[in-house]
*Asks:* 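The following block contains the structure, expressed as structure tokens.
Scope of the values below: all heavy atoms of this structure, side chains included, with no hydrogens, waters or symmetry mates.
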Amino acid sequence: MKADSFAVRTVPVLVPMPAERPYSYSVPAGMTVEPGSIVRVPLGPREVAGIVWDGPSDEVDARKLRPISEVFDCPPIDEAARRFVDWLAAYTLSPPGMVARMLLRAPAAFDPEPFIDGLTLTANRPDRMTAARARALELAADGLAWTRSGLAHAAGVSLTVIDGLSAQGVFEPVRIPPRPVVAAPDPDFAQPELTAEQAAAADVLRDAAAGSYSVALLDGVTGSGKTEVYFEAVAAALRKGRQVLILLPEIALTQAFLDRFQNRFGAKPAEWHSDVPPRMREKVWRQVAEGRVRVVAGARSALFLPFKELGLVVVDEEHDPAYKQEDRVFYNARDMAVVRARIGGFPVVLSSATPSIESRVNSEQGRYTRVALTARFADAELPKLGAIDMRRAPPARGGFLSPVLLGHMRENLGRGEQSLLFLNRRGYAPLTLCRSCGHRFQCDDCSSWLVEHRFRSQLVCHHCGHAERRPEACPECGTFDHLVACGPGVERIAEEVVNHFPDARTIVLSSDILGGVRRLRLELEAIAKGEADIVIGTQLVAKGHNFPNMTLVGVVDADLGLANGDPRAAERTFQLLSQVTGRAGRTGKKSIGLLQTYQPDHPVMRAIVSGDSESFYEKEIAEREMARLPPFGRLAGIIVSAQTRAEAEAHARGLRRAAPEARDIHVLGPAEAPLALIAGRHRFRLLVQGERRSDIQSYVRAMLANGPKLRGSVRVQADIDPQSFL
Ligand code: ADP
Ligand code: ZN
């Protein structure tokens with residue numbers, strides 16, 4: 001045996017599994033890897049893609065040590081991205097392997113995109129000239145590379161003509177690099193004329209974008225031009241030669257955003273979200289890694305793209321709950337964008353008309369720089385807001401729209417202007433019951449009522465997706481035709497609207513629309529073009545759209561979000577209703593927003609109606625501080641689920657007993673979760689509450705380590721900084 005066979009080089013490799021640490025692999029002779037290299041490694045009976053990690057690797061018995069199979073021809077994952085994975089894993093109590101998995105979502109992109117076979121003109125001339133040959137030669141005379149079929153097509157000749165010229169050496173084969181998914185953005189393509197206030201804000205952001213880590217909170221009323229302003233920060237980062245990421249909560253629906261970007265920069269950004277087709281996702285991933293894509297507009301998962309020169313992240317609508325992922329790795333992309341920027345040493349811009357309490361406090365305490373825009377662009381007035389007291393102006397029997405709101409809608413129709421009714425409830429009715437025996441239709445696998453969807457004539461569970469036909473007779477007592485719908489969903493409001501305004505053009509928009517995202521986009525465009533008079537929609541109409549002729553927004557049930565025991569209920573309601581009413585009057589026409597409420601004196605209603613958001617923030621911040629709720633204290637949720645209630649409860653109690661003694665942290669619960677059953681799994685929750693500076697992660701980690709062993713069907717999920725308490 002040769003001596004050097006003992007000196008096997010081993011490296012740690014992070015594999016996309018629930019692995020707590022990288023595994024050791026040997027590097028075969030002649031192979032070069034570095035930290036960040038993407039490699040193929042054997043794992044049990046399979047092979048997976050993993051990332052060569054840093055630091056020493058575990059001692060592994062030489063006989064068990066397996067070699068790396070292949071290094072992909074792919075730029076390595078850079079140091080900042082690797083530290084981000086480590087940080088996020090530790091913070092969210094997730095296995096680093098599962099975080100790495102989010103980085104490795106486009107397996108086909110680890111191999112380079114193939115070059116395309118092309119042709120280019122040589123100095124040779126053909127033996128004899130024909131009209132067809134002349135046309136092909138003339139086109140190719142620019143010296144650029146053509147594909148065989150592209151040239152034939154452009155010259156209007158058959159492929160045989162091209163092949164004949166190639167055979168004579170008039171064309172020679174060349175390899176054309178893969179096409180970029182988007183053209184390069186030009187920071188100086190079309191600079192807008194900013195208002196004085198916008199220009200001042202842009203100056204601050206531009207300076208920040210030219211520097212190292214900083215966080216700016218761009219806080220401006222709807223329609224004040226926040227997008228125009230942060231585009232200046234994007235331009236500054238591009239001039240510095242850095243890549244830019246713009247996070248948007250509903251990117252799949254914001255076609256208008258892409259157009260605005262193109263108008264400013266002369267090219268579209270690359271898109272990254274779940275509706276981008278797989279082949280395109282692979283190209284984007286690869287070209288981001290190669291630095292060929294300079295700007296990505298994406299959903300939260302875009303944070304895990306392999307940028308090599310990331311130099312700015314913008315988080316648009318930073319308060320939006322859609323930034324929280326609650327699946328496997330629970331993280332908030334807004335907060336993680338700030339972490340990514342700190343690790344990468346570059347600036348981040350958070351933008352919102354209704355910032356989160358967390359970001360407001362951070363700016364008041366000087367950790368973030370607040371940049372305010374107080375006026376709408378082009379003197380567009382903010383909508384006049386009012387509450388409709390439903391106790392005094394109740395709807396007709398069986399209806400949900402008060403005469404006051406209907407009256408405004410009628411006037412709007414008369415003027416040829418659009419109205420939007422907002423109700424954050426899909427379907428026809430949230431509850432169906434039998435008038436004869438009182439039977440309520442409930443999901444067998446979830447603790448929730450089945451929601452009637454009348455367009456599809458189905459009863460649907462919004463938690464597990466279970467759907468059944470709406471029966472004619474009650475399954476309990478057998479009585480026919482005695483089922484009644486209780487409460488409204490958007491479909492039911494649409495029915496009421498059609499009864500009142502049979503000639504109006506009415507559109508219902510909710511995320512479960514038949515035809516999916518494509519159809520939604522078309523409908524949104526149609527609305528913007530004025531092809532509807534009355535729009536009835538769920539929260540997806542609240543976000544970012546510009547409907548020039550929309551002058552009335554009616555909130556059907558403004559109280560809906562307030563009654564759910566969520567510590568952020570007031571904040572969320574304030575944000576959502578401000579966003580919704582902000583859809584009105586964006587192009588200068590007089591506009592109004594009306595909130596139907598049974599609690600017109602509730603502080604949230606008062607704050608929205610008076611337009612005095614400052615005092616709302618002040619009060620809400622004071623209450624959070626009193627209650628030691630985030631950001632003045634820390635929270636972590638622990639969700640225990642199992643196939644039986646007893647198992648889930650016993651495990652949750654065991655975790656509680658394993659909670660360490662601590663001065664600054666305590667545990668609430670376990671309690672049965674408000675959603676006690678989801679998809680057949682019984683759920684219990686614990687809530688860990690700590691002082692602002694407490695080490696809540698170590699505390700929860702100790703609970704999990706000292707608690708009962710995971711047995712049977714029990715699953716435990718930690719949720720640091722929870723947004724949902726259901
Ligand atoms: P916000 O993001 O604050 O709601 P937007 O950036 O969407 O506001 O701007 C609202 C509207 O005003 C958009 O149609 C935008 O194109 C227009 N706008 C804002 N600022 C300017 C400007 N300086 N020049 C031209 N149009 C502008
Ligand atoms: Zn269900």
*Asks:* Is the closest side-chain heavy-atom distance between V609 and L595 below 4.5 Å?
*Replies:*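 With C-beta onward as the side chain, the pair touches.
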*Asks:* Can you confirm whether or not the ring centre of F574 sits under 6.0 Å from the ring centre of Y617?
*Replies:*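 They qualify: ring centres under 6.0 Å apart.
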*Asks:* For Q539, is there any backbone N or O sitting under 3.5 Å from a side-chain donor or acceptor partner on N424?
*Replies:*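 Yes; at least one donor-acceptor contact below 3.5 Å.
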*Asks:* Could you check whether any side-chain heavy atom of L576 comes within less than 4.5 Å of a side-chain heavy atom of F422, counting everything from C-beta outward?
*Replies:*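 Yes - at least one pair of side-chain heavy atoms lies under 4.5 Å apart.
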*Asks:* Run the side-chain contact (heavy atoms from CB on, under 4.5 Å) check on Q723 and E326 step by step: do they pass?
*Replies:* CA-CA 9 Å; Q723 298 275 329; E326 292 174 349; 4.1 Å; yes
*Asks:* Do Q599 and R606 pair up side chain to side chain, a donor and an acceptor below 3.5 Å, judged on atom types alone?
*Replies:*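 Checked: Q599/R606 side chains show no N/O donor-acceptor pair below 3.5 Å.
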*Asks:* Just by distance, do the side chain of R685 and the backbone of L726 share a donor-acceptor pair under 3.5 Å?
*Replies:*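 Such a contact is found between R685 side chain and L726 backbone.
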*Asks:* Quick test of your reading of the model: are R645 and E672 salt-bridged, counting only N-O distances below 4.0 Å?
*Replies:*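 So R645 pairs with E672 through a salt bridge.
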*Asks:* Side chains of I638 and V716, heavy atoms from C-beta outward: is any pair under 4.5 Å?
*Replies:*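 Yes, their side chains come closer than 4.5 Å.
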*Asks:* Any donor-acceptor pair under 3.5 Å linking the side chain of S352 with the backbone of E318?
*Replies:*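 No, the answer is negative, given that no donor and acceptor are paired below the 3.5 Å cut-off.
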*Asks:* Under the side-chain contact (heavy atoms from CB on, under 4.5 Å) rule, what do Q697 and R634 come out as? Steps first, then yes or no, please.
*Replies:* CA-CA 10 Å; Q697 275 85 359; R634 305 206 54 204; 3.2 Å; yes
*Asks:* Do the non-hydrogen side-chain atoms of L406 and M409 ever get within less than 4.5 Å of each other?
*Replies:*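 L406 vs M409: side chains touch.
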*Asks:* Does R572 use its side chain to pair, donor to acceptor, with the backbone of P567 at less than 3.5 Å?
*Replies:*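 No: the side chain of R572 does not pair with the backbone of P567.
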*Asks:* Quick one: does I507's side chain get under 4.5 Å of I536's, heavy atoms only?
*Replies:*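 Heavy-atom side-chain distance check fails, nothing below 4.5 Å.
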*Asks:* Taking all atoms of both residues into account, what is the closest heavy-atom pair of V451 and G427, and its distance?
*Replies:*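 Shortest heavy-atom separation between V451 and G427 comes out as CG1-CA, 4.3 Å.
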*Asks:* So with a 6.0 Å cut-off around CZ of R505, is the heavy-atom count from everything else above 12?
*Replies:*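 Correct, the count exceeds 12.
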*Asks:* Just verifying a value: how many Å separate F441 CZ and C434 SG, rounded to the nearest 0.5 Å?
*Replies:*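 If I round to the nearest 0.5 Å, the distance is 7.5 Å.
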*Asks:* Of all the heavy-atom pairs spanning S578 and T581, show the shortest one and how long it is.
*Replies:*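 Heavy atoms of S578 and T581 come nearest at O-OG1, 3.2 Å.
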*Asks:* If I take atom CG from residue L629 and atom CZ from residue R624, how far apart are they, to the nearest 0.5 angstrom?
*Replies:*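 Reported value, rounded in 0.5 Å steps: 6.5 Å.
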*Asks:* Grab the two heavy atoms, one from L655 and one from P708, that are nearest each other, plus how far apart they are.
*Replies:*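 Closest approach of L655 to P708: N-CD, 3.7 Å.
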*Asks:* Taking the basic N atoms (NZ, or NE/NH1/NH2) and the acidic carboxylate oxygens, is any pair closer than 4.0 Å for E496 and R492?
*Replies:*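 Not counted as a salt bridge, because no side-chain N and carboxylate O are separated by less than 4.0 Å.
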*Asks:* Within the supplied structure, the quantity of interest is the number of heavy atoms (other residues, nucleotides, ligands) at a distance under 6.0 Å from K324 NZ; does it exceed 12?
*Replies:*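 Yes, the 6.0 Å shell around NZ holds more than 12 heavy atoms from other groups.
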*Asks:* Please lay out, stage by stage, how L540 and L520 fare under the test side-chain contact (heavy atoms from CB on, under 4.5 Å).
*Replies:* CA-CA 10 Å; L540 64 86; L520 270 175; 4.0 Å; yes
*Asks:* Mark yes or no for whether D320, through its side chain, and Y323, through its backbone, hold a donor-acceptor pair below 3.5 Å.
*Replies:*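 No: the side chain of D320 does not pair with the backbone of Y323.
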*Asks:* Has S359 got a side-chain atom pairing as donor or acceptor with S356's backbone, closer than 3.5 angstrom?
*Replies:*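 Looks like no, no N/O pair under 3.5 Å.
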*Asks:* Return the CD1 to CD1 distance between I665 and I696, rounded to the nearest 0.5 Å.
*Replies:*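 Going from the CD1 atom of I665 to the CD1 atom of I696 covers 5.5 Å.
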*Asks:* Assess whether atom CZ of R656 is packed by more than 12 heavy atoms of other residues, nucleotides or ligands within 6.0 Å.
*Replies:*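 Yes, the 6.0 Å shell around CZ holds more than 12 heavy atoms from other groups.
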*Asks:* Decide if atom CZ of R701 counts as having more than 12 heavy atoms of other residues, nucleotides or ligands within a radius under 6.0 Å.
*Replies:*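 More than 12 heavy atoms, drawn from other residues, nucleotides or ligands, come within 6.0 Å of this atom.
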*Asks:* Looking only at non-hydrogen atoms, find the nearest pair between A528 and P548 and report the distance.
*Replies:*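 Closest pair (atom of A528, atom of P548, distance): O-CD, 3.6 Å.
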*Asks:* For a quick check under 3.5 Å, do S436 and T479 share a side-chain donor-acceptor pair by atom type?
*Replies:*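 Yes, a side-chain donor-acceptor pair sits under 3.5 Å.
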*Asks:* Taking atom types as modelled, find out whether E571 and Q575 have a side-chain donor-acceptor pair closer than 3.5 angstrom.
*Replies:*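 Their side chains do contain a donor-acceptor pair, which is all the 3.5 Å distance test asks for.
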*Asks:* Cut-off 3.5 Å, side chains only: do T222 and Q579 have a donor facing an acceptor?
*Replies:*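 Absent: no donor and acceptor within the cut-off.
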*Asks:* Please assess Q643 against R681 for the test side-chain contact (heavy atoms from CB on, under 4.5 Å), listing each intermediate value before the final yes or no.
*Replies:* CA-CA 5 Å; Q643 247 136 38; R681 295 185 67 82; 4.1 Å; yes
*Asks:* Under 4.0 Å between a side-chain nitrogen and a carboxylate oxygen: does that hold for D275 and R281?
*Replies:*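 No.
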*Asks:* In terms of side-chain geometry, is the basic nitrogen of E358 or R568 positioned less than 4.0 Å from the acidic oxygen of its partner?
*Replies:*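 Salt bridge present between E358 and R568.
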*Asks:* What I want to check is whether the side chains of T551 and N412 have a donor and an acceptor closer together than 3.5 Å.
*Replies:*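 A pair is found: one side chain offers a donor N or O, the other an acceptor, under 3.5 Å apart.
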*Asks:* Is a donor on one side and an acceptor on the other found under 3.5 Å between the side chain of Q596 and the backbone of S402?
*Replies:*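 Yes; judged by distance alone, with no hydrogens or angles, the pair exists.
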*Asks:* Can you measure from CG (L594) to CG (L401) and round to the nearest 0.5 angstrom?
*Replies:*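 Answer for the CG-CG pair, L594 versus L401, is 11.5 Å.
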*Asks:* I would like to know whether D719 and Y331 meet side chain to side chain donor-acceptor pair (under 3.5 Å); could you show each step before the answer?
*Replies:* CA-CA 8 Å; D719 182 2; Y331 69 92; over 6 Å; no
*Asks:* Ignoring hydrogens and geometry, is there a side-chain-to-backbone donor-acceptor pair from S447 to L677 under 3.5 Å?
*Replies:*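 Yes, because the side chain of S447 sits within donor-acceptor range (under 3.5 Å) of the backbone of L677.
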*Asks:* Measuring from R657:CZ to M703:CE, what's the distance to the nearest 0.5 Å?
*Replies:*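 Rounded to the nearest 0.5 Å, the CZ-CE separation comes out at 11.0 Å.
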*Asks:* Can you find a pair of side-chain heavy atoms, one from L509 and one from I527, that are under 4.5 Å apart?
*Replies:*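 Yes, side chains in contact.
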*Asks:* Where do A570 and F616 come nearest, in terms of heavy atoms and distance?
*Replies:*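 Where A570 meets F616 most closely, the heavy atoms are O-CZ, 3.8 Å.
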*Asks:* Salt-bridge test for R653 and E649: reply yes if a basic N is under 4.0 Å from a carboxylate O, no otherwise.
*Replies:*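 Yes, this pair counts.
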*Asks:* Is the terminal nitrogen or CZ of R454 (NZ for Lys, CZ for Arg) located under 6.0 angstrom from the six-membered ring centre of Y428 and within 45° of that ring's axis?
*Replies:*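 Yes, R454 and Y428 form such a contact.
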*Asks:* Do side-chain atoms of R683 reach the backbone of L675 as a donor and acceptor pair under 3.5 angstrom?
*Replies:*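 A pair under 3.5 Å: yes.
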*Asks:* Compute the centroid of each ring, for H482 and then for H439, and state whether the two points are separated by less than 6.0 Å.
*Replies:*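 Ring-ring flag for H482/H439: false, centres at least 6.0 Å apart.
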*Asks:* Got T432 and L459 here, is their nearest side-chain heavy-atom distance under 4.5 Å?
*Replies:*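 With C-beta onward as the side chain, the pair touches.
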*Asks:* Between E271 and H273, do the side chains contain an N or O donor and an N or O acceptor separated by less than 3.5 Å?
*Replies:*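 Side-chain D/A pair, E271 to H273: present.
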*Asks:* Above 12 or not: heavy atoms from other molecules or residues under 6.0 Å from CZ of R470?
*Replies:*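 Count over threshold, so yes.
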*Asks:* Drop me the distance from Q442's CD to L433's CG, to the nearest 0.5 angstrom.
*Replies:*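 With rounding to 0.5 Å, CD (Q442) is 12.5 Å from CG (L433).
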*Asks:* Can you tell if the side chain of T644 reaches within under 4.5 Å of the side chain of E647, non-hydrogen atoms only?
*Replies:*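 Answer yes - side chains close enough.
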*Asks:* Is it the case that the side chain of Q325 and the backbone of D327 share a donor-acceptor pair, with hydrogens and angles ignored and the cut-off at 3.5 Å?
*Replies:*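 The answer is yes, because a donor-acceptor pair under 3.5 Å joins these two groups.
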*Asks:* Any idea which heavy atoms bring A558 and M605 closest together, and the distance?
*Replies:*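 Nearest pair, atom of A558 first, then M605: O-CE, 3.3 Å.
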